[in-house]
**Student:** 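My questions will all concern the structure given below.
Proteins get letters first, then strands, A, B, ... in listed order; numbering begins at 1 in each. Here the structure is a predicted model, which is why all the values come from computation and not from measurement.
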Amino acid sequence: MPSAYALIDCNNFYVSCERLFAPRLAGRPVVVLSNNDGCVIARSEEAKALGVAMGEPYFRCRNLLRRHGVQVFSSNYTLYGDLSRRVMDLLRELEPEVEVYSIDEAFVRLPAAAPAELAEQGRRLRELIRRWVGIPVSVGIAATKTLAKVANRLAKQEPDHGGVFVLASASVDAVLAGVGVGEIWGIGRRRADLLRTHGLRTALDLKRGDDAWLRRRLTVTGLRTAMELRGVSCLTLAEAPAARHSVASSRSFGRLVSDRGELGEALISYLSLAAEKLRRQGLVAASLHVYLTTDRFQATTPQYSGGRTVILARPTGATPELIPPARRCLEALFRPGYGYRKIGVVLAGLSPAGMRQGELFASSGPAAAEALMEACDRVNQRWGRDTIRSGGAGLVRPWRNRREYLSAAATTNWAEIPVVTA
DNA sequence: TCTGGGGTCCTAGGACCC
DNA sequence: TCTGGGGTCCTAGGACCC
């Protein structure tokens, strides 16, 4: 290979994070639930062996989990985010070219070398991350990112690979023949179905697919995937994170909400979250989108969903300036008589706060709003989220979602730091 | 009773302009 | 009688990812 890509992927990441501060969970089945304790989004190997499916609704497997004494956690993104940062920081110390791809994955570019040597490098990264952060990872190495994904899957599947697998070009076809077309990175449910109805069942079939047909039916992204399987690198390493295009915040409610006032509280509350995220990244938004929807799983009740986008008078990240237009969106969208399950907000048209265009007819410039927001953010950072918040976000918040099995913020909050007793 | 949330990219189609 | 062609921008919707 001219140069190789390594994919470092944390094993069952959320579960590994929970186990880090609860060693008694080692070897025991553990699952982590999505927001609202909705469905299973991470499973330990023991939980997988019990037949708990990825994405399975919690209410449907609750009995099975209880019967087998499976330890259940709500998502603790504060904890996962911090441990992710530690893994990625270490990786960047060890390697010059790193792309953080997701909370639990990173691509690394390695100089060309013999497979045995690449495997040795993979083992080294794996061991250092295990020793210094405590999170187990798998490493897949190949000529392209898509093939590195395949290699990583094999590193995880076969215990005798020791968590590291190098997919050398000589063995690519034999390996791809054993990989289902739906398991390839970039091929989701719809495309997998389409490919199978046309007789392409394995990664090898896709690799040998007709370019014009792939381009037409799967767009350029599908063709790129096929090229990558052929060893032609089409996806390069993105070391600097790309500029964001949007910031969103939404939640499902703990119960259905029909009351306009409660919807408004939830909206302001999520809007505040999104605006805070925006300011933390030094951005302002030029447009705002609000959407709401009823419960799509209740086929028997009347369904309604809608969204509304407004262009803001001026780009801003100040919550008080965003609230009135957001309220107007809700007023336009709201239909009485429905049970709503979810409301959300998307801030888009993002640009750096410093580059904002001047205003022709400003009365009280954006400076005042900015200073206010800065002060609020500082207070909330020091004394905890929501110490200062918009009155419109509500105090009781009966619509709040569930997090019944939350673990401690063991690495980011002094009050929740683990205590060691001898 | 109970089914997550936050992103990206691509394409098609319409509006608009010269 | 005659009904171009090319370009840009925007939006909605689909598909995919973790």
**Student:** Decide yes or no for Glu404(A) and Leu33(A): does some side-chain heavy atom of the first lie under 4.5 Å from some side-chain heavy atom of the second?
**Tutor:**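 No. Closest side-chain heavy atoms not under 4.5 Å.
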
**Student:** Pick base, sugar-phosphate or nothing for Asp37(A), based on heavy-atom distances below 4.0 Å to the nucleic acid.
**Tutor:**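 Touches nothing.
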
**Student:** Would you please say whether a donor-acceptor pair under 3.5 Å links the side chains of Asn12(A) and Ser44(A)?
**Tutor:**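 No.
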
**Student:** Is it the case that the ring center of Tyr77(A) lies less than 6.0 angstrom away from the ring center of Tyr14(A)?
**Tutor:**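 Ring-ring flag for Tyr14(A)/Tyr77(A): true, centres closer than 6.0 Å.
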
**Student:** What's Glu56(A) touching, base or sugar-phosphate or nothing? Going by heavy atoms closer than 4.0 Å.
**Tutor:**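 Nothing: the residue Glu56(A), judged by heavy atoms under 4.0 Å, touches no strand.
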
**Student:** Are side-chain N/O atoms of Tyr80(A) and Glu18(A) paired as donor and acceptor at under 3.5 Å?
**Tutor:**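 Distance-only check passes for Tyr80(A) and Glu18(A).
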
**Student:** Of all of residues 326-346 of chain A, which get a heavy atom below 4.0 angstrom from DNA chain B, listed by number?
**Tutor:**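 Contacts with DNA chain B under 4.0 Å: Arg341(A), Lys342(A).
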
**Student:** Within a strict 4.5 Å, meaning less than it, do heavy atoms of the Gln281(A) and Leu350(A) side chains meet?
**Tutor:**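 The answer is no; the side chains never approach within 4.5 Å.
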
**Student:** Just compare dC18(C), dA15(C), dG4(B) and give me whichever is closest to any side-chain atom of Arg191(A).
**Tutor:**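 So the side chain of Arg191(A) is nearest to dA15(C).
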
**Student:** Students often get this wrong, so: under 4.0 angstrom with heavy atoms, is Glu404(A) touching a base, only sugar-phosphate, or nothing?
**Tutor:**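 Answer is nothing: Glu404(A) stays at 4.0 Å or more from every strand.
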
**Student:** If you pin Gly55(A) and Ser249(A) to their nearest nucleotides in DNA chain B, which one's is more 5'?
**Tutor:**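 Between the two, 5'-proximity favours Gly55(A).
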
**Student:** Quiz question: by atom type and distance under 3.5 Å, do the side chains of Thr219(A) and Thr221(A) form a donor-acceptor pair?
**Tutor:**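 There is such a pair (donor and acceptor under 3.5 Å, judged by atom type) between the side chains of Thr219(A) and Thr221(A).
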
**Student:** Using atom CZ of Arg60(A) as one end and atom C1' of dG4(B) as the other, report the distance to the nearest whole Å.
**Tutor:**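 Rounded to whole Å, this separation is 15 Å.
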
**Student:** Any side-chain N or O of Arg190(A) under 4.0 Å from OP1/OP2 of dA15(C)?
**Tutor:**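 Yes.
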
**Student:** Nearest to the Cys39(A) side chain among dG5(B), dG4(B), dC18(C), which nucleotide is it?
**Tutor:**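 So the nucleotide nearest the side chain must be dG4(B).
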
**Student:** Mind checking Thr309(A) for me? I need base, sugar-phosphate or nothing, with any heavy atom below 4.0 Å counting as a touch.
**Tutor:**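 Result for Thr309(A) = nothing.
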
**Student:** What is the separation between atom CG on Leu273(A) and atom C1' on dG7(B), rounded to the nearest whole Å?
**Tutor:**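 Computing the Leu273(A):CG to dG7(B):C1' distance gives 16 Å.
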
**Student:** Taking atom C1' in both dC17(B) and dG4(C), what distance in whole Å separates the two?
**Tutor:**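 That atom pair is separated by 14 Å.
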
**Student:** Mind calculating the distance between CD1 (Ile184(A)) and P (dC16(C)) to the nearest angstrom?
**Tutor:**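 For the pair Ile184(A) CD1 and dC16(C) P, the rounded distance is 12 Å.
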
**Student:** Any side-chain donor paired with an acceptor under 3.5 Å for Asn11(A) and Ser138(A)?
**Tutor:**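 Their side chains do contain a donor-acceptor pair, which is all the 3.5 Å distance test asks for.
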
**Student:** Have Arg85(A) and Thr411(A) got a donor and an acceptor in their side chains that come within less than 3.5 Å?
**Tutor:**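 No, Thr411(A) and Arg85(A) have no side-chain donor paired with an acceptor closer than 3.5 Å.
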
**Student:** Please classify the nucleic acid contact of Tyr58(A) as base, sugar-phosphate, or nothing, using heavy-atom distances under 4.0 Å.
**Tutor:**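 It contacts nothing in the nucleic acid.
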
**Student:** So how far is it from Ile184(A) CD1 to Lys149(A) NZ, rounded to the nearest 0.5 Å?
**Tutor:**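 Between atom CD1 of Ile184(A) and atom NZ of Lys149(A) there are 12.5 Å.
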
**Student:** With a 4.5 Å limit on heavy-atom distance, are the side chains of Arg308(A) and Arg328(A) in contact?
**Tutor:**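 A side-chain contact under 4.5 Å is absent here.
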
**Student:** Which listed nucleotide (dG4(B), dC17(C), dT3(B)) is nearest to the side chain of Pro57(A)?
**Tutor:**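 Within the option list, the nearest is dT3(B).
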
**Student:** To the nearest angstrom, how far is Met54(A) atom CE from dT3(B) atom C1'?
**Tutor:**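 Whole-Å distance recorded here is 14 Å.
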
**Student:** Considering only nitrogen or oxygen atoms on both sides, find all protein atoms under 3.5 Å from nucleotides 8-13 of chain B and state each distance.
**Tutor:**
unit_1  : atom_1 : unit_2    : atom_2 : d
dT8(B)  : OP1    : His245(A) : N      : 3.1
dT8(B)  : OP2    : Ser246(A) : OG     : 3.3
dC10(B) : OP1    : Arg224(A) : NH2    : 2.7
dT11(B) : OP1    : Arg215(A) : NH1    : 3.3
dT11(B) : OP1    : Arg215(A) : NH2    : 3.4

**Student:** Would you write out the dot-bracket form of DNA chain B, 5' to 3', with Watson-Crick and G-U pairs under 3.5 Å, [ ] for crossing pairs, | for pairs to other strands and . for unpaired bases?
**Tutor:** ....||||||||||||||

**Student:** Using only heavy-atom distances, determine whether the side chains of Ser305(A) and Arg296(A) contain a donor-acceptor pair under 3.5 Å.
**Tutor:**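 The criterion, which ignores hydrogens and geometry beyond distance, is not satisfied for Arg296(A) and Ser305(A).
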
**Student:** Please determine if a side-chain N or O atom of Ser75(A) lies less than 4.0 Å away from the OP1 or OP2 oxygen of dG4(B).
**Tutor:**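 No.
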
**Student:** Figure out the CG/C1' separation between Asp193(A) and dG14(C), and round it to whole Å.
**Tutor:**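 These atoms are roughly 15 Å apart.
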
**Student:** Is the base of dT3(B) touched by the side chain of Arg296(A) through a donor-acceptor pair closer than 3.5 angstrom?
**Tutor:**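 Per atom types, no contact qualifies.
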
**Student:** Under 4.0 Å from OP1 or OP2 of dT3(B): is there any side-chain N or O of Gln298(A) that close?
**Tutor:**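 No, because none of the side-chain N or O atoms of Gln298(A) sits under 4.0 Å from OP1 or OP2 of dT3(B).
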
**Student:** With a cut-off of less than 4.0 Å, is there a side-chain N or O of Lys277(A) near OP1 or OP2 of dG5(B)?
**Tutor:**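 Negative; the distance criterion is not met.
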
**Student:** Expressed in angstrom and rounded to an integer, what is the separation of Asn35(A) atom CG from dG6(B) atom P?
**Tutor:**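 These atoms are roughly 7 Å apart.
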
**Student:** Would you mind classifying the nucleic acid contact of Arg62(A) as base, sugar-phosphate or nothing, using non-hydrogen atoms under 4.0 angstrom?
**Tutor:**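 The answer is base, as Arg62(A) lies within the cut-off (heavy atoms under 4.0 Å) of a base atom.
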
**Student:** Given the side-chain rings of Tyr5(A) and Trp185(A), with only the six-membered ring counted for Trp, is the space between their centroids under 6.0 Å?
**Tutor:**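 No, the ring centres sit 6.0 Å or more apart.
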
**Student:** For a quick check of understanding: with a heavy-atom distance under 4.0 Å over all strands, which category does Ile187(A) fall into, base, sugar-phosphate or nothing?
**Tutor:**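 The residue Ile187(A) makes sugar-phosphate contact but no base contact.
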
**Student:** Can you check the Tyr80(A) OH to dG4(B) P distance for me, whole Å?
**Tutor:**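 Whole-Å distance recorded here is 17 Å.
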
**Student:** State, yes or no, whether a side-chain contact exists between Leu273(A) and Arg251(A) at a heavy-atom distance under 4.5 Å.
**Tutor:**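 SC-SC contact between Leu273(A) and Arg251(A) confirmed.
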
**Student:** Does the side chain of Asn76(A) pick up a donor-acceptor pair with the side chain of Ser407(A) at under 3.5 Å?
**Tutor:**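 Ser407(A) and Asn76(A) do have a side-chain donor-acceptor pair below 3.5 Å.
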
**Student:** To the nearest Å, how far apart are Tyr77(A) OH and dG7(B) C1'?
**Tutor:**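 Rounded to the whole Å, the gap is 13 Å.
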
